[in-house]
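Proteins get letters first, then strands, A, B, ... in listed order; numbering begins at 1 in each.
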Amino acid sequence: MTHKSDYTAAELLAILSARQLKDGMVVFAGVGIPLLAATLAQRLHCPGLTILFEGGVIGAFVEPGKLPPSTNDQRCTVRANMVLGSAEVLLLLQRGYVDVGFMGGAQIDQYGNLNSSFIGDPKKPKTRLPGTGGGNDIASLTNMIVAMKHEKRRFVENVDFITSPGWIKGNDTRRKSGLPAGGMFRVVTELAVFGFDEKTRRMKPLALNLGVSRAQVQENTGFPLEFDSDIGVTEPPTEQELSTLRVLDPERLYIA
Amino acid sequence: MTHKSDYTAAELLAILSARQLKDGMVVFAGVGIPLLAATLAQRLHCPGLTILFEGGVIGAFVEPGKLPPSTNDQRCTVRANMVLGSAEVLLLLQRGYVDVGFMGGAQIDQYGNLNSSFIGDPKKPKTRLPGTGGGNDIASLTNMIVAMKHEKRRFVENVDFITSPGWIKGNDTRRKSGLPAGGMFRVVTELAVFGFDEKTRRMKPLALNLGVSRAQVQENTGFPLEFDSDIGVTEPPTEQELSTLRVLDPERLYIA
Amino acid sequence: MSVVKPYDKLRKDLSARDRSLREKVVALEDVASFVRDGDSVGIGGSTMSRTPMALIWALIRARRKSLSCSRCIISSDGDLLFGSGASDHVITSWFSQGILWGVSKVMRHHVETGKARFEEWSHLAIGMRFRAGAMGVPFMPIRPMLGSDVLAQRPEAKEIDCPFTGEKLLLVPALNPDVALIHVQRCDPYGNAQIDGLQFMDIDLAMAANKVILTTERIVSNDQIRRAPDQTKIPFFAVDAIVEVPYGSAPHECYGVYEPMMKHMEHYVELVNKDPVGGMKEYLDKYVFAPKSWAEFLDLIGLEEVLTASRAGKSIYDA
Amino acid sequence: MSVVKPYDKLRKDLSARDRSLREKVVALEDVASFVRDGDSVGIGGSTMSRTPMALIWALIRARRKSLSCSRCIISSDGDLLFGSGASDHVITSWFSQGILWGVSKVMRHHVETGKARFEEWSHLAIGMRFRAGAMGVPFMPIRPMLGSDVLAQRPEAKEIDCPFTGEKLLLVPALNPDVALIHVQRCDPYGNAQIDGLQFMDIDLAMAANKVILTTERIVSNDQIRRAPDQTKIPFFAVDAIVEVPYGSAPHECYGVYEPMMKHMEHYVELVNKDPVGGMKEYLDKYVFAPKSWAEFLDLIGLEEVLTASRAGKSIYDA
């Protein structure tokens, strides 16, 4: 069994997220940890995982050591089943062909809304961030898994700006906004794995990572969390998961 | 000089319509006489004529003796610049890339409206005709040339059913219906060539074919025509036009 | 009632489909089990080109009925669907056997006697209805049909004033057939399909339908597909069943493989236009119900005609 | 005022273009004459892929200004457009140098000081804006952006209740740029263009724009195009000027030809993110204004890096 000192936070993130994917799924993956985790899943328990990339790719097998610098690069198309226009691949989400959208996040709130546009007032922002890309489309149209670093400034009660909608203001506000399908499903961090309450749609810890306490999770979160008394603990990364992951990213672009 | 007995009505139609086309034009051609006339123009005065076909073809050169049985057949694609989806080629009309739409017609009225859907009451039709195909789209979206046989039952005051709109009810009724672009431009028959009055949008003879009298044209037309006193006469087919045409359609599929 | 599926229903139906990477090759006699009486059926190709004739033949043999069939331009396949009783409703822009033979007497017989409906839209309207369906939106805006009597017959479409420009526009409703029937030149056992040459509306149709049955001139390996992924036109997860049927469009054409088998077409037209009921029965008995297999049907068309059509079909690449 | 061109204007502008079959090859130094200060400019490719870098380089050298630039995802090309003063308005879904380097300091500097505007739409929304423009309709319906603050910032879009289903929908306005800049692998002297691999939104962009300038890795004969007409992605009559520019996307990538020139990109990012004003000036002086030709610019990137990128670019076909 591996110990916490055997892997980085990013490696843990990649492995725990990879485990969320099931064989035969159609998953729309963002760049970075999602791309890496989906590719990892493909090489472990999901040989029939179909990965979609925003640049217009269906069913690629990214080559070890040749991670693409974005999901719009030709490296994303290696051994793909289909290469198509980028609007077309996004429309697959709208039509409903995709099981899971899988993204990273910069800032998230209690309802799973993501911000990647502004820090501070959008009219006079402290920081202008790069924006949505396909994030808004993916989050609006399918079930989402987000992998992100767990810091208090990233886990806030309400995001400054909803770039990619989660459950908006909870309850049925997402559906009422015109988004009846999909929604935030899982958030994976180096501390824990989260789901969302079926009714209130607030974020809820599902399992703690090995060696992480409830207090530690709460301390790093900007809003109150409710822990079930019987909350479980995630299995730590296996040797096989770690070694496969490291073959994929030998330069440690995303797992450092 | 050729004489009237040297060519068929269909040959005259094809040749007079071909002359309406100018080099460099982008023309959307229907099957039959239009396809033949556009191909003829390409081989005579319009080597740079770009012919579009409904099946999804840009810039084809149909082979002599290999006339396609429809504009959706592979023979339409010979030496084309581009083959694309049939919705895409129709959208080129909507966007405005096409100079002229060129069709045959079964029944036309004083405002250039075409009927290819019903004879009699559409609710209980005497005859159900094949319908619009791309005709409605072409007529709605671009400047039209129609080549058709001149018979009283085909040239009616008002068509039973507007399948492909010309000037609707004349004046600005076409624009008011939501069709500000294009409109019926020329009608070519074995008797005469017609245009449309700039204001009233009624059909108007522009030139008589050789040996055809005004009375003969009026007799074969189901609505009153106004002839300018100085109305001209079209040049009869030349030997070169006829021989080139006959090479294109050696089996006389369309020129019999 | 609106003809448009509500988004909830559209998503629910699609998420219930098995979209995993799996082999889906079946026999031609099995495809009828994918289609229920009363289904709406989208038909690929156009006129006499890449018509999924073997699939239509198989559905008629299985005595499917009350199908509502949509196709951009329908020809003798439409005749057979009406004449066999498989369909009593066709949605299309043009319906006859082919321009060379005038007006189909079979279509006329069924429509003029009220036995069946021929619902007419403009060609672009049909395309945009499939496209809206493919995109997961309830409509597409277009300009054609405005001002015409084609529109006057179509209460299913809605005229609006554009909220941006104030112009008149027509919204045509999404069409999401229960099943799409499509014939392609090649696909792999998962359903990744490549279509050469004329595409017609097949890509939108495939993405719009809730089930896709492909026939293919040949099945190739997934490796071959992955060598040129930008040639894939329909992704495997939109496909539910695959049958390898060489000459699967006969007597119609398949781009780059064979031209229409015109002698058989002329024989067909003569038979049914002389007598749209008796002639049709004779044709169906002899060419659809009697043969034991598609190969036997091809044999009835005749080897010489099949070879002539093949030679002409490949000549597209000589020019 | 609506951002959408009325249909009358759209048609009039297009009919004024010379769409005849004619040769259109020009020199790189001539392309600036096709673009006026203040024009709206659509940029092909995405992120670091098939970016029309040589065209942007030429426009900056010609001191074009006040361009309103739209691109699905914009990267260091956006930096250069802001940093050089060529553009003060970018319409996109994502703007940074590339995911590897965090947030662009150049973008931040210009946007946060109010020197320039970064107008954000969802990725699909940008695509559907080009598509509406390409189709000659004033809008397309989509579902994303609803419920988000991205929409709250975009009064140009209109929320409606669907007239068919009653559902909420968003209508995004057509985008018809004055000029599109697109880089392709090959085209003929008329402008029939083939694009291998990733297409991004280039086809819609080309059809939507009122003028298209292509750079191409190589010019091929019209005969070669006509041998495989189903590989043509942009028809000649949508194209107004063509420049043959090998490595015309450098230091970005061109599918199947070269990967990004990452050492140069890293050098660039380091320079401008350290000092978005001075570093940018230094970069522009050295790499944009000083070289006498595009070949000289490539020489500054360095032969070894260009060759490395080429070898990697072609390896896509080995896998």
Checking heavy atoms, do the side chain of [X], its backbone, both or neither come under 4.5 Å from chain B?
X      : result
C/S315 : side chain
C/V111 : side chain
C/M145 : both
C/F118 : both

Between [X] and chain C, which part of the residue has a heavy atom less than 4.5 Å away: side chain, backbone, both or neither?
X      : answer
B/K123 : neither
B/K176 : backbone
B/F61  : neither
B/T173 : neither
B/T132 : both
B/I168 : side chain

Carefully, step by step, assess C/D149 and B/F118 under the rule side chain to side chain contact (heavy atoms under 4.5 Å, CB included). CA-CA 10 Å; C/D149 290 326; B/F118 296 97; over 6 Å; no
Under 4.5 Å, heavy atom to heavy atom, which residues of residues 166-177 of chain C contact chain B? C/K168
Rounded to the nearest 0.5 Å, what separation is found between the [atom1] atom of [X] and the [atom2] atom of [Y]?
X      : Y      : atom1 : atom2 : value
B/D73  : C/I316 : CG    : CD1   : 10.0 Å
C/I99  : B/T71  : CD1   : OG1   : 8.0 Å
B/I138 : C/S122 : CD1   : OG    : 10.0 Å
C/S104 : B/R128 : OG    : CZ    : 12.0 Å
C/Y258 : B/Q74  : OH    : CD    : 10.5 Å
B/L179 : C/R143 : CG    : CZ    : 9.5 Å

Does the side chain to side chain contact (heavy atoms under 4.5 Å, CB included) test come out yes or no for C/Q199 and B/L84, once each step is laid out? CA-CA 7 Å; C/Q199 307 289 314; B/L84 65 174; over 6 Å; no
May I ask you to name which of [options] has the most heavy-atom pairs under 4.5 Å with chain C?
options                       : value
B/N136, B/L93, B/D137, B/L90  : B/D137
B/E54, B/K124, B/R174, B/R79  : B/E54
B/T163, B/L129, B/T127, B/V31 : B/T127
B/G134, B/P165, B/A80, B/S116 : B/G134
B/G178, B/P130, B/A87, B/S164 : B/P130

Got C/L100 and B/Y254 here, is their nearest side-chain heavy-atom distance under 4.5 Å? yes
Using a cut-off of under 4.5 Å on heavy-atom pairs, state which of [options] scores highest against chain B.
options                       : result
C/T47, C/L198, C/V103, C/I74  : C/L198
C/A312, C/G147, C/G102        : C/G147
C/P260, C/G45, C/S46, C/S96   : C/S46
C/R131, C/E159, C/M262, C/M48 : C/R131

Taking atom types as modelled, find out whether B/N72 and C/S49 have a side-chain donor-acceptor pair closer than 3.5 angstrom. no
Could you report the tightest heavy-atom contact between B/P125 and C/E112, atom names first, then the distance? O-CG, 4.1 Å
